[in-house]
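Any value given below was found using the heavy atoms of this structure, including those in side chains, with hydrogens, waters and symmetry copies removed. Lettering follows sequence order; numbering is per chain, from 1. Here the structure is a predicted model, which means the values were calculated and not measured.
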Protein chains: 2
Amino acid sequence: MSNSGNRQPTIIDIAKAAGVSKSTVARALSGSPHIGEASRERVLTAVRALGYERNHLAHSLRAGRTGMIGLVIPDIANPFWAEVARGAQDAAAANGSSLLIFSSDWDAAREASHLRALRQARVDGAIVNPVADNVDGLGRFGLPVVLIGSSAERFPELSSVGSDIAQGVALGLDHLASLGHFRPALLLGSPNRLARVRFLRVVHDHCLAHDIDPATLMIEEGEYTVESGKAATLRLLEREGAAVRCIFAANDLMALGALLAVREAGLTCPGEVSILGFDGIPAGAFSDPGLTTIEKPARSIGLEGIKLLAEAIDGNLDHRRVLLECTLTMRGSLARTEKDNRSARLVAGGRN
Amino acid sequence: MSNSGNRQPTIIDIAKAAGVSKSTVARALSGSPHIGEASRERVLTAVRALGYERNHLAHSLRAGRTGMIGLVIPDIANPFWAEVARGAQDAAAANGSSLLIFSSDWDAAREASHLRALRQARVDGAIVNPVADNVDGLGRFGLPVVLIGSSAERFPELSSVGSDIAQGVALGLDHLASLGHFRPALLLGSPNRLARVRFLRVVHDHCLAHDIDPATLMIEEGEYTVESGKAATLRLLEREGAAVRCIFAANDLMALGALLAVREAGLTCPGEVSILGFDGIPAGAFSDPGLTTIEKPARSIGLEGIKLLAEAIDGNLDHRRVLLECTLTMRGSLARTEKDNRSARLVAGGRN
DNA sequence: TTGAAAGCGCTAACAC
DNA sequence: GTGTTAGCGCTTTCAA
């Protein structure tokens, strides 16, 4: 069993079959003009006959680029991130490159290990939504990177794409205010996430603009999951009781958890407690009531990420920050409140 | 700018820095015993100093295996498949390999192109849920493959993993029967999917066992999406009217769509129409009412897939078929019916 | 137009 | 214990 065992044929096999040298085969394959019509024909015939397919490894090793791109996101099972992955996938395919998707599970160590794997795989670049405390590791990544999300501030030299959280949060807050909710309780992610800081900052500004003392805001925190959102809401309800008339969650999964908690506490939504989410995952359409939410353009984020990364890989040094607009998706989880819960207005405070 | 430009260091750089040959470096790196303590130290020091990381491409080219595995699923944005991917991802990581995830979008051409890409990337093997009409392409894949789902029947020589659809459907049907629903309307996927055939077969058997004429079953079909499920249900309601007291959907997304349709038609669920899903996606917990469904062990499917593939890659010739049990997740979308809708009992029929 | 040869980074014989 | 060498499959000079 000499050459034509079962392994995939190489250009050498083709060369033999076509009676030419391997350089000629390479030329035919790459569509080089420096080759005779006759040889080209014979090569192509042999290629079809043997079912040759170029070995990407060897090609990449020689070419110095793999056509592979890494995508590191917190959780592929979270519909929002799955949608981002979908967008990136599509864009990458259109681009001729393939995507290596990794879930970091919000864990810095895992993220670091994934980044290392990507570097070793010699991906051409990576798109990552970094876990906060790992930001240093990212700085030394050594390959073109595009950031997704809020961490861009810490890396002014990297391109980044994200939804405009400031605009989104303001959009939500304004809408809540228009319904009479001036002091929504906040369901936030863990403190070491930049997204949380961002979120809070906008809320603060908004409060000040509306003469509310930010210090009086009710805040609970947890992870970005349904269970965690539910638990956090239960704690909130326990602690604040009837003062909770509106909840603004930093992510839809938590909002859905809040919904469960409210129901479990024997309260009604939106009757007694209004809930506003953030993300725009499809599941929000099925809840009872439907989840009103600030929708991020998930798929576009993935798509833009690939675009920016392609630029960076092509050596385009000037980084860019793409901010995609959030939209308000109204369903049934918000109700107008009669009580003006601005009770904690900034009157004795420093301002005014 | 000679050697230490900006490129990643190679073993040659390390060799130079440590004052040894590259084989010695390789030995130190691979933990070979045939090396002096002194050299090992110096190599390791140099490795740390230069931040060396092994080039996977070169390694793979030499080793003949890449440690990469392909996963081809219909849609990464479908929560069920995202969960499968998650399970596979975790198992692969534990395994030291990385996963290349592709969405085929239920499209044979796309699937074929992904399989080609995987072959060219020299993945060690692939796990795929094949689009029906592409089954031939799969036969010629030429690499170890593990099938997910029902197509296993067409490839008795391949390992496969899937949920036990027969058991799951029977479970659902029995439960429906226990509530008085003997002739659920069926919401099925497109005819060229093997899963549909399977599903129907079990329903038929069940009908016969309960003296129901399968030909009297109400059937609608569509794609495995919410929109499609909704449209199909609307058609069903339009056509059959009040005869529709129970719907059994072949997938949760369609079931959720059915729920929307029922609501839109001014009907109540489960009061007037009961709905049973199939998959067990998280979103089913938030609908109104909660979706009762047959839950497939999505994550385990991914996990087992990797296990089987690892076996196949290791040259374990005897294929295996792993069937994971489905469970019934009861929420609120099913109600007991008073009317015995076995009206179409097999009395005049051929049997008996 | 074509072939020979070098080399991408790594590992595994094979000498010494 | 260590260095030298060949070669994985490919592309790309450089000669002819």
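- Taking atom CD1 of A:Ile12 as the reference point, atom C1' of D:dG7 lies 10 Å away to the nearest angstrom.
- For the pair A:Tyr52 OH and D:dC10 C1', the interatomic distance rounds to 7 Å; values are reported in whole Å.
- Remark on DNA chain C: of its neighbouring residues B:Leu29 and A:Gly19, the 5'-side contact belongs to A:Gly19, judged by nearest-heavy-atom nucleotide.
- In terms of phosphate contacts, A:Thr10 brings no side-chain nitrogen or oxygen within less than 4.0 Å of OP1 or OP2 of D:dG9.
- For A:Ser21, taking side-chain heavy atoms from C-beta onward, the closest of the listed nucleotides C:dG3, D:dG9, D:dT11 is C:dG3.
- Summarising the geometry of B:Ile306 relative to B:Ala88, their closest heavy-atom pair is CG1-O, 3.5 Å, with the distance given to 0.1 Å.
- Residue A:Arg54 places at least one side-chain N or O closer than 4.0 Å to OP1 or OP2 of D:dT11.
- Among the heavy atoms of the strands lying under 4.0 Å from A:Leu61 is at least one base atom, whether or not backbone atoms are also near.
- Remark: P of D:dT4 and CD1 of B:Ile11 are 13 Å apart, rounded to the nearest angstrom.
- Between B:Leu118 and B:Ala126, the shortest heavy-atom distance links the atoms CD1-CB, 4.2 Å.
- At whole-Å resolution of the value, CZ in A:Arg122 and P in D:dC10 are 21 Å apart.
- A salt bridge does not link A:Lys22 to A:Asp13: none of the charged side-chain nitrogens sits closer than 4.0 Å to a carboxylate oxygen.
- Phosphate proximity of C:dG3 to A:Ser23: absent, as no side-chain N or O sits under 4.0 Å from OP1 or OP2.
- Dashed line: the shortest gap from a side-chain N or O of B:His34 to OP1 or OP2 of D:dT2 is not under 4.0 Å.
- A salt bridge does not link B:Arg86 with B:Glu83: every distance from a Lys NZ or Arg NE/NH1/NH2 to an Asp or Glu carboxylate oxygen is 4.0 Å or more.
- Distance, B:Glu53 CD to C:dC10 P: 11 Å, rounded to whole Å.
- At a threshold of 4.0 angstrom between heavy atoms, the contacts of A:Ile35 are confined to the sugar-phosphate backbone, with no base atom among them.
- The base of D:dG9 has none of its N or O atoms less than 3.5 Å from a complementary donor or acceptor on the side chain of A:Arg7.
- One atom, CD of A:Gln8, and another, P of D:dC10, lie 10 Å apart when rounded to the nearest Å.
- A donor-acceptor contact closer than 3.5 angstrom is absent between the side chains of A:Thr66 and A:Arg122.
- Applying the 4.0 Å criterion to OP1 and OP2 of D:dT2, one finds that B:Thr24 has every side-chain N and O outside that range.
- You'll find that the side chain of B:Arg62 is closest to D:dC8, out of D:dC8, D:dG9, D:dT11.
- As judged by a 4.0 angstrom heavy-atom cut-off over every strand, B:Ser39 is placed among residues touching the sugar-phosphate backbone only.
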